[in-house]
Structure formats: C-alpha cells, structure tokens
2 protein chains.
Amino acid sequence: MGNIREIAKLAGVSVSTVSRVLNNHPYVKEEKRKAVWEAVEKLNYTKNINAVHLAKGKTSIIGVVLPYVNHPYFSTIVEGISMEALQCGYHLLLFQTSYEANKEIEALEMLKMKQVDGIIICSRTIHWEWIEAYKDYGPIVLCENVKGKDMLSVYINHYQAFKLGMNYLIEKGHRKIGYCIGRTTGTNSKAREDAYYEALKQINESPRPEWIFDHCLYIEDGKRVVTSLLTMKERPTALLVSSDQVAAGIVTFAQHKGMKIPEELAILSFDNHPISEALHITTIELPLSLMGKRAFRMIYNHLESGEMTKKTEELSVHLVERLTV
Amino acid sequence: MGNIREIAKLAGVSVSTVSRVLNNHPYVKEEKRKAVWEAVEKLNYTKNINAVHLAKGKTSIIGVVLPYVNHPYFSTIVEGISMEALQCGYHLLLFQTSYEANKEIEALEMLKMKQVDGIIICSRTIHWEWIEAYKDYGPIVLCENVKGKDMLSVYINHYQAFKLGMNYLIEKGHRKIGYCIGRTTGTNSKAREDAYYEALKQINESPRPEWIFDHCLYIEDGKRVVTSLLTMKERPTALLVSSDQVAAGIVTFAQHKGMKIPEELAILSFDNHPISEALHITTIELPLSLMGKRAFRMIYNHLESGEMTKKTEELSVHLVERLTV
DNA sequence: ATAATGTATGAAACGCATTTCAATGCAATA
DNA sequence: TATTGCATTGAAATGCGTTTCATACATTAT
C-alpha cells in the first residue's frame, strides 16, 4: 500500500506533485501525471482518508440523529437525506439514540471532534440549549419548528397539520375526538397537542385525558389503543393518529373486533405511507423524504457557501381523503 | 479549542502526559492529571478525532451497505447492527446503494482508505470476486450464504425457509403455486428460486413463468401483483411472498377486489413484521435484527480478537401460522 | 548493599495528505 | 529587448494525537 511519499519516490516527483495528480489539479505535465498513476497502480496505493480529513479539517460526513432507524417515519427521512447526500459526495453517520440523552450528546460531541461536518437532528430529547452550545462547531439542523431561536431548521408544520385534521373531523360532525401520539414531549408533539386543545376549545369540548394515547409508534400500539377503547363506557367517535403505522394497527384490529370504521370510529392519521393507501386510511401526507433532502441541502449550503439564505424552512402538508373518516 | 500541545504548555507538562491523562493511562501524578484537566476545561479542548484515527489506524466505524434504508427488511437489520455497535463503542456509516454497483464499490474503497474498520453487506449486486479483492483491508461480512467461499457471513437460510413455505402450502393441498420476490438476482433470491423449483418438481408441477413476480418490495407492488393475477385465465391458488410488505399489499388489495383469502388465494410470506400480525398473514419469521447483531459481532470479534471462531453462521427460521393459508 | 521492579515523565518519531510559498522555465505582450 | 504572466515543480510547514524509547527516581526483593 504505502503512502504518498513512496509514490513520489517511485514516480520520481515530489509529494506535492503526487497530491496534485491525485486531486486532479492543473499544472502537471502529462508525463509526470502518467508516472504517478503508474506508481499508484504498482503499489496498489489508496489515500488514507483519515490523513485527508485531518489535513482538510473536514470529513464530508454528516451525522444523523434519530431515535429509531426502523420506524418508517425516520427511515423515510434518512432515505431523503441519504439520496441528497450521495449526490453531493457526502456520507452519513448514524446515531440511533432511542431518545437517550447521552447518545444525543455524543453525536454533538462528534461534531466538536470533527468526526462530522454537520448534524441533522430528526428528533431529540435533550433541551435545545444543549444543542445551541455546539452550534459554533458546525451546522446543526433541527427537524422541528425552532420558533425564532437562532438555529437552522426544516420542519413540517405539525400544528397546522393537526389543526387541519381536527377541522376535517369536526366538519364531518365529530365532537368526541381523541388522539394517539408517539410521545408527549418534544416540540412537534407539543405543537400537535396545542392544535388539539385549541380545536377542542373552538367547539366547546373539554378534553378527556383517557382519549389521549401516548407511546404510539408501531402497529402493535394500535392494538393496544383499540383494546383500551373497548373497555371504555364512553368512547371517542374519532381519533387523530400521529402515525400511519399506528392507524393501520387500529383499523385492522378494530375491524377484527367487529368495530365499524368509520361509522363507530373514524381514523385520521399522518404520513401517507403506502400502508395507509393499502388500508384506505384517510391521512395527512407529510413530506418526510423531502424534509430529509432539504435538511441536507441546508447543511450543505452552510458548509460550501459559508453562509446561506434561509435559516428555517417550513414544509406544508395536505390531506388525502380515503375511507376511514 | 487548541490542540494537545497547547494543553501541554498550559498545564506545564509534556504532550505524552496529556495524552496519558486524556486516555486514562496509569503512571501520572494526581496533580499533573488535575492540571491537565484544568487546561482542557480552560481551553474548551476536545480531541480532533481525525488525528486519533490517523494515529491509531482505525476509526471504530463500520460501514453498512444496503440498497434501501426505508425498507423494513433492511432497516430492521440496521437496527440490530446499530444496537450492538453502540454497546461496543462503534459507529455506523451508511451506504445506501439502490443496488448501484459503483456505490457498493465505493463502500469497499472506504474500507481500503481506512474510513471504516469493517463492512457489513446486507445485500449486493456486484460479483463476489469484487468483494474478495478487498478482504485484506478489513473484515467484510455478507448477509448471505457464501457456500464455502472464504468470506465471513451471517445469513438466514432462505433455501430452507422457502422450502418450509412450499411444503406447508403443499401440505395444505396447493399445487398451483407462484411466488413474489424482490429481485431475481442475488444469492438469497437464487436460493429461494432453487427451493421453489425443487419443491415444484417434487409434486410434478411445471413452473409457470407468469406466476413469478419480480420487483416486489413494497406494499404498492402487492397491488400490481393482484392486478396482474386478475387478468389471468388460470391463476395460482397460492403465493409465496418474499416480504410481508408485499403480502400486505396483496391481501388488502385482493380483498378489496373481492377475492377470498385464503380460499381463492393463499398467501404465505416472510419476515413476521408487525404488519403481518395486524393483517393475520401467515408468515415465516426471519430473525433480521438478530442477523444484524450477529453480523456486527463477527466484525467486532475480528477486529478486537484478531481472529475468531466462526467464519459463517446460519440462522434458522420458523413458521407463524395465521389466517392467510 | 545490590540488583531488580515499579512509578513518572518527556523528547522524538510516526501516521499521511494538503497547501502555501518560492523558484524556475517559457511564451506572449509592450 | 524588457516585462508581465502563466505553467511547472518541489521544499517545507501544517493539521494533531499516539506511542515508543530513554531517563530518573523510588521501592522492594535478594
């Protein structure tokens, strides 16, 4: 294998010239260029990329922080980031946190240590001040509404999305509305909660804590929700469900239990993941892959152009009417 | 920020001592240790990890090569790898290839360049000789049966799994059996194909090309399969479906079209992803997360212990009887 | 008392590519 | 002919932590 100096020696040129050849810089005579490539072949040489990273002070890697890789919500974001990153010659380092604070901080530390040039935080549990403390070390994009805080962000307006959903349900005559959510903390969850309470207030309904289902992430959780509903004397007539996966679980298990949807229980969910189409679930489409792409772009602009235009970008949603409302 | 030399100067010690302190080596007087930490605080110092990587010749990063991050089959493997990697202090660099050869090769090049210490290839399109050419640069684990080739591998016995599925269908009285698969190339796909043809031969049925559906990966593809089935004068009575996602698409769309399952069409799929439980799909459980964990372990053993016991590991599957067969 | 260990610390070499600066050769413009 | 400018090339500095080797002193074993 060897290093650049051995190549230089073998090709009879200086290391600078080898570097120029390797990086396609101009001003190298064709014969020397050829000699260098031949030496590279002969020694089966490849750059040690860690030396490159050290010398350049950057890695062309960006960190992606998320709680669970195998949840479609997040894997779709990652897919978007990945596609865009590839085109720009960047790579992705994955930080699966399970919402553990120390793992999120570890990702931020990696930025400080120059392991990554930037970070995209798809979802977080640590307080945002923690994150702010790291912003001098490189661009950090949050996938949530940062509301005037001086942070980069690309986000889906979950408040608007939930409001849209609530209004749609209300229009359809529902007043007893519950909702299912992944967790109750977090900016996005708070936005949804706000929208929910506000919409209820507008129709003069008081919220029922038992109609709010936390920890709803996967299909299985939908089953849990239905089981719980079945024990209630008074049930909501409609549920806003923050994930198509959960909605799929609810719809299938409810039907299995003989519950009519949407007659007895209307379901309006979010994502517009293929599963919702298959099950004819009315859903509000979230541009997750796009959000990933835009988040990457924002990091990229920061890194390449030094500064950039937008610091925050909001993505809008739209409702896909199907058969569960 | 500064570097280790500045810390040394500020703390009044040598760089070696600083390094010792930073890495918790013994033989440093408590007072110097303290002085170093104070200097670290004062300068808000953090190691430049690229220098560490260069000096150590390793990165504690392993590359994960897969075609699509947002397919449950792969994201579940990644989840397994990630969990295990975290515990061992390793990170994951993602290579989403879309089955493009150059992207797979790029991942291998990263091993040669020492960007990653090892690679896990979840699925590939390039010829295995290509991969073999890189094995001197670090451990490479394939998630497929390498059949005696001198490569590391952790795999699910897809031949056995398909055979199991076929036998189950045959036992249930089916003779006209088709199958759906992600792609026709690839070791795993070939293993399934072999099992399929062999099982057919055992019951003296000749294969019908039109009953074999390629490019079946996502829920939407199930819809395509059903649409295609509906145009046939003679249809299979059962389908072996290589992914729960596709099976979900088939089951839901077929039922939507008024087709009775399993009476008119039996569906036996693979994965035992939650979606199959929700839809009561009979499926053969594949230990994907476990495969990811084991693949990482194998890399890890190689890196830490130098050598290791097993070079190849087979994971077995089991059938989960539900309502679609 | 002497040899053998163990503790503590620093200088210097090592891993390796990039980049700046200076210098030289040549051609084109004034 | 003198001058400006571009093409070429190499020496040396830079980025930064790890690790080996040598040194010096303090113990403990013989």
Side-chain angles (χ1 to χ4, degrees), chain A residues 1-37 39-40 43-61 89 109-117 137-138, chain B residues 1-37 39-40 43-61 89 109-117 137-138:
Chain A
M1 279 285 317
N3 59 33
I4 205 177
R5 276 154 242 275
E6 292 181 34
I7 300 292
K9 196 177 294 174
L10 187 58
V13 299
S14 71
V15 291
S16 343
T17 300
V18 175
S19 179
R20 284 190 195 99
V21 173
L22 259 27
N23 295 292
N24 290 310
H25 288 169
Y27 304 148
V28 179
K29 277 254 176 66
E30 203 44 45
E31 51 190 280
K32 302 219 175 194
R33 203 176 279 280
K34 204 162 142 265
V36 168
W37 282 121
V40 166
L43 296 188
N44 184 27
Y45 168 80
T46 303
K47 282 186 199 180
N48 180 323
I49 209 158
N50 295 129
V52 177
H53 291 341
L54 176 59
K56 289 206 169 159
K58 61 165 285 181
T59 59
S60 295
I61 297 176
E109 278 293 322
M110 284 303 194
L111 182 63
K112 193 175 175 190
M113 293 202 260
K114 296 173 186 289
Q115 165 78 263
V116 296
D117 296 342
Y137 305 117
Chain B
M1 278 283 321
N3 57 34
I4 205 177
R5 279 157 236 273
E6 292 180 35
I7 300 292
K9 195 177 295 174
L10 187 58
V13 299
S14 71
V15 293
S16 344
T17 299
V18 177
S19 179
R20 283 190 195 100
V21 174
L22 259 26
N23 296 292
N24 290 310
H25 287 168
Y27 304 147
V28 179
K29 277 255 177 65
E30 203 45 45
E31 51 188 282
K32 303 220 175 193
R33 204 177 278 279
K34 204 162 142 266
V36 168
W37 282 121
V40 166
L43 296 187
N44 183 27
Y45 168 81
T46 302
K47 283 186 198 179
N48 180 324
I49 209 158
N50 295 128
V52 178
H53 290 341
L54 176 60
K56 289 209 167 151
K58 61 165 285 181
T59 59
S60 294
I61 297 176
E109 278 295 322
M110 284 303 194
L111 182 63
K112 193 175 176 190
M113 294 202 264
K114 297 172 186 290
Q115 164 78 265
V116 296
D117 296 343
Y137 305 116

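Below, chains carry the letters A, B, ... as their sequence lines are ordered, and counting in each starts from 1.
For the pair A:K58 NZ and D:dC16 C1', the interatomic distance rounds to 19 Å; values are reported in whole Å. Put simply, CE on A:M1 is 13 Å from C1' on C:dG15, counting in whole angstrom units. Put simply, NZ on B:K56 is 15 Å from C1' on D:dT20, counting in whole angstrom units. The nearest whole Å value for the distance from the NE2 atom in A:H53 to the P atom in C:dT18 is 11 Å.
Judged by closest nucleotide on DNA chain C, B:V28 is the one of B:V28 and B:V52 placed further toward the 5' end. Residues A:A55 and B:R20 both approach DNA chain D. Their nearest nucleotides, taken by heavy-atom distance, put A:A55 toward the 5′ side.
Looking at heavy-atom distances under 4.0 Å, A:T17 makes contact with sugar-phosphate atoms alone, never a base. A:N50 comes within 4.0 angstrom of no nucleic acid atom, judged by non-hydrogen atoms across all strands. B:V18 comes within 4.0 angstrom of nothing in the nucleic acid, heavy atoms only.
Between B:K32 and the phosphate of C:dG10, there is a side-chain N or O to OP1/OP2 separation shorter than 4.0 Å. In terms of phosphate contacts, A:S19 brings no side-chain nitrogen or oxygen within less than 4.0 Å of OP1 or OP2 of C:dA17. Between A:S14 and D:dT9 there is no side-chain N or O to OP1 or OP2 distance below 4.0 Å.
Distance from the side chain of A:Y27 is smallest to D:dT8 among D:dT8, D:dG15, C:dT18.
Here the side chain of A:N3 pairs a donor or acceptor atom with the backbone of A:E6 at under 3.5 angstrom. Side chain of B:D117 to backbone of B:S60: a donor-acceptor contact under 3.5 angstrom is found. Side-chain N or O atoms of B:T46 include none that pairs as donor or acceptor with a backbone N or O of A:M113 at under 3.5 Å.
Donor-acceptor pairing under 3.5 Å, judged by distance alone, is absent between the side chain of A:R5 and the base of C:dG15.
Results of the side chain to side chain contact (heavy atoms under 4.5 Å, CB included) test with B:I4 over B:N48, B:V18, B:V40 single out B:V18 as the only residue that passes.
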